[in-house]
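Only one structure is covered here, and it is reproduced in the block below.
Heavy-atom basis, side chains included; hydrogens, waters and symmetry copies ignored.
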Amino acid sequence: MTVLAAGRDPAQAFVPSETSSHLARVTAGAVIVLVWLQGSAPGVVSVLGGSRRASSEYGTSILLLSPLGTLLGGALAVGVLAAAGLALLVQIGSRRRWHFLALVVMLAPCIAIAGIAAAWNGRGPSLGAVAYVMCAAVFVMAGAGGVPVRLIGGLGIATSVTSLVLGALGGGALMPPSANDANKSFLFERLLAGPYGHSNTLAIVVALTFPFVWRSFPSSRFLRSASALLMLVTLLWCGSRTVLGALAVGLVIWMVARMVRHTPTLQRAIGLVMAVLSIAVMLAVPMVTGDAGAFTSRGRIWQAAIEYGRSAGFFGLGPWAFSERGVLTSSLGFTPEHGHNVAVSAFAMGGLVGLVAVMVLLAGAWRGALRGLPGTSAPLLFVATLTCAGALETVIDVRGIGAASFVALPMLAQLLATQRPDPASWDVRVTGAPTVQGVSSGGGDAGAVVDRAAGMAETRAPSIGGPAIVIPRPRDHR
């Protein structure tokens with residue numbers, strides 16, 4: 001028999017429903033850990049082994065992986081494929097209900113860019129794209145609450161601490177100043193990149209995991225505060241003005257949502273306005289930027305990407321448009337790896353089809369975050385930070401498994417799987433399994449039910465081997 005005291009957990013919408021088996025949750029967590037290791041462990045091994053950074057064509061620096069780091073990266077890539085395959089078998093064997101439309105929306109960008117666009121330009125999908133599809137399918141089929149959010153927050157803290165330690169040791173974890181990064185430093189002259197290729201990459205990883213930091217130590221306010229402080233120091237040392245600004249905007253949206261949490265209609269209205277504005281800014285900034293040197297030469301990348309993307313037709317230049325020598329990179333004179341804007345990257349690589357697929361994914365994520373209100377606002381902070389950062393960075397890379405995939409993939413999948421229950425059909429009775437009509441397939445605040453007529457709130461705990469106890473408490477009007 002499981003008892004859960006009533007409380008105000010900001011991530012309550014992501015606790016598992018009764019349909020989320022323990023084995024499925026463990027396998028999903030294993031996939032997350034392996035994806036995180038694939039993105040960070042090769043860099044850690046290389047930095048500790050004495051690897052240095054070399055100048056790139058774009059005027060910044062890149063981390064040169066050691067032979068051991070390269071070998072480890074390959075082994076972890078195979079491990080991710082194996083773990084995702086096992087997790088898929090577990091999800092299928094559990095016969096759990098899952099959202100087919102959510103799966104389609106989640107996989108559409110990768111299929112459009114790494115599948116259709118690649119085939120249109122004469123190539124097949126890469127193993128990275130296959131891994132992306134398998135991992136995304138695992139997280140969607142897990143259903144709302146099937147992903148351990150505490151684990152994601154913990155991995156974000158581990159990334160921050162590891163990077164700070166590597167930075168203190170010096171060497172390859174620090175980026176030397178360059179023409180593009182000369183005015184970015186907030187703390188020290190050299191920017192902290194940790195185990196990643198660029199300081200912006202580390203900043204993106206830390207910022208996207210920041211909304212879930214308080215889930216890692218639910219019983220210790222000191223550890224939560226200390227972890228948040230370490231992550232903020234990491235962000236300042238990275239010097240990414242884009243990511244810091246995006247997180248600041250996300251925090252403002254989150255605080256406003258918290259202030260009006262007792263007025264759900266107003267709360268969702270504000271969230272909807274922010275969703276439209278953030279996506280509109282993402283689309284508009286590259287279109288209205290006429291200066292090629294604007295935003296540390298991003299204007300030049302955007303102009304070339306939009307021009308060649310238009311000439312490529314509906315299916316774009318392929319997923320390698322920014323990373324290999326071709327018409328786009330030849331016109332730029334360097335390989336920027338991505339378009340430094342989610343919409344531009346999707347349009348250049350996947351054409352109009354890829355752009356529409358990515359925008360639908362973002363819209364679905366916002367919809368899930370808004371449906372979680374007023375029960376939780378942490379997903380709102382996540383998706384707001386992701387969208388705002390996407391105006392100047394490609395925070396959603398659908399070509400394969402990247403540094404931020406361990407947080408972006410599962411959380412986007414969870415947001416797509418979130419459904420708000422019908423208030424008229426909420427079940428407030430004590431049952432052997434805490435079932436709420438409209439919630440059993442995942443969603444809402446996943447356990448917090450409200451009897452509006454009585455003005456009392458109840459919190460139910462998932463039951464394993466016994467009935468759940470429903471603990472009523474007066475509604476909090478503070």
Between the side chain of [X] and the main-chain N/O of [Y], is any donor-acceptor distance below 3.5 Å?
{"X": "Asn341", "Y": "Thr394", "result": "no"}
{"X": "Ser278", "Y": "Ala275", "result": "yes"}
{"X": "Gln38", "Y": "Gly73", "result": "no"}
{"X": "Thr385", "Y": "Leu208", "result": "no"}
{"X": "Arg399", "Y": "Ala129", "result": "no"}

Working to the nearest 0.5 angstrom, can you tell me the gap between [X] [atom1] and [Y] [atom2]?
{"X": "Met349", "Y": "Leu355", "atom1": "CE", "atom2": "CG", "value": "11.0 Å"}
{"X": "Arg268", "Y": "Leu380", "atom1": "CZ", "atom2": "CG", "value": "11.5 Å"}
{"X": "Glu393", "Y": "Leu386", "atom1": "CD", "atom2": "CG", "value": "12.0 Å"}
{"X": "Ile157", "Y": "Arg224", "atom1": "CD1", "atom2": "CZ", "value": "10.5 Å"}
{"X": "Leu381", "Y": "Arg258", "atom1": "CG", "atom2": "CZ", "value": "11.5 Å"}
{"X": "Tyr132", "Y": "Ser126", "atom1": "OH", "atom2": "OG", "value": "12.0 Å"}

Is there a donor in the side chain of [X] and an acceptor in the side chain of [Y], or the other way round, less than 3.5 Å apart?
{"X": "Trp36", "Y": "Thr159", "answer": "yes"}
{"X": "Ser323", "Y": "Thr335", "answer": "no"}
{"X": "Thr289", "Y": "Trp302", "answer": "no"}
{"X": "Thr27", "Y": "Arg25", "answer": "no"}

For Val138, the option from Leu409, Leu88, Leu86, Ile32 that meets side chain to side chain contact (heavy atoms under 4.5 Å, CB included): Leu88

side-chain contact (heavy atoms from CB on, under 4.5 Å) between Cys135 and Val80, worked out: CA-CA 8 Å; Cys135 293; Val80 168; 3.7 Å; yes

Should [X] and [Y] count as side-chain neighbours, where that means a heavy-atom distance under 4.5 Å?
{"X": "Leu34", "Y": "Phe406", "answer": "no"}
{"X": "Val31", "Y": "Phe139", "answer": "yes"}
{"X": "Met141", "Y": "Ile92", "answer": "yes"}
{"X": "Leu352", "Y": "Phe315", "answer": "no"}
{"X": "Cys110", "Y": "Val133", "answer": "yes"}
{"X": "Trp237", "Y": "Leu174", "answer": "yes"}
{"X": "Met274", "Y": "Leu277", "answer": "yes"}
{"X": "Thr387", "Y": "Ile279", "answer": "yes"}

What pair of heavy atoms forms the shortest contact from [X] to [Y], and how long is it?
{"X": "Leu166", "Y": "Gly194", "value": "CD1-C, 4.4 Å"}
{"X": "Gly271", "Y": "Trp366", "value": "O-CZ3, 3.7 Å"}
{"X": "Val344", "Y": "Phe322", "value": "O-CZ, 4.4 Å"}
{"X": "Ala228", "Y": "Val213", "value": "N-CG2, 4.1 Å"}
{"X": "Tyr196", "Y": "Gly39", "value": "CE2-O, 3.3 Å"}
{"X": "Leu247", "Y": "Ala207", "value": "CD1-O, 4.3 Å"}

Leu317/Val327 under side-chain contact (heavy atoms from CB on, under 4.5 Å): CA gap, chis, key distance, verdict: CA-CA 9 Å; Leu317 300 169; Val327 292; 4.1 Å; yes

Geometric class of the His338/His340 ring pair [parallel <30°, tilted 30-60°, perpendicular >60°]: tilted

CA sep, side-chain torsions, deciding dist, call: Trp120, Phe314, ring pair (Phe, Tyr, Trp, His ring centres under 6.0 Å): CA-CA 10 Å; Trp120 180 260; Phe314 282 101; 9.3 Å; no

For Ser66, all residues meeting side chain to side chain donor-acceptor pair (under 3.5 Å), sequence neighbours excluded: Ser46

More than 12 heavy atoms from other groups under 6.0 Å of CG on Leu272: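 Enclosed.
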
Working for side-chain contact (heavy atoms from CB on, under 4.5 Å), residues Met231 and Thr209: CA-CA 9 Å; Met231 296 178 83; Thr209 54; 3.3 Å; yes

Leu48 vs Leu169, side-chain contact (heavy atoms from CB on, under 4.5 Å): CA-CA, chis, key distance, verdict: CA-CA 9 Å; Leu48 293 177; Leu169 296 175; 4.3 Å; yes

NZ/NE/NH1/NH2 to OD/OE distance under 4.0 Å, Glu307 and Arg300: no

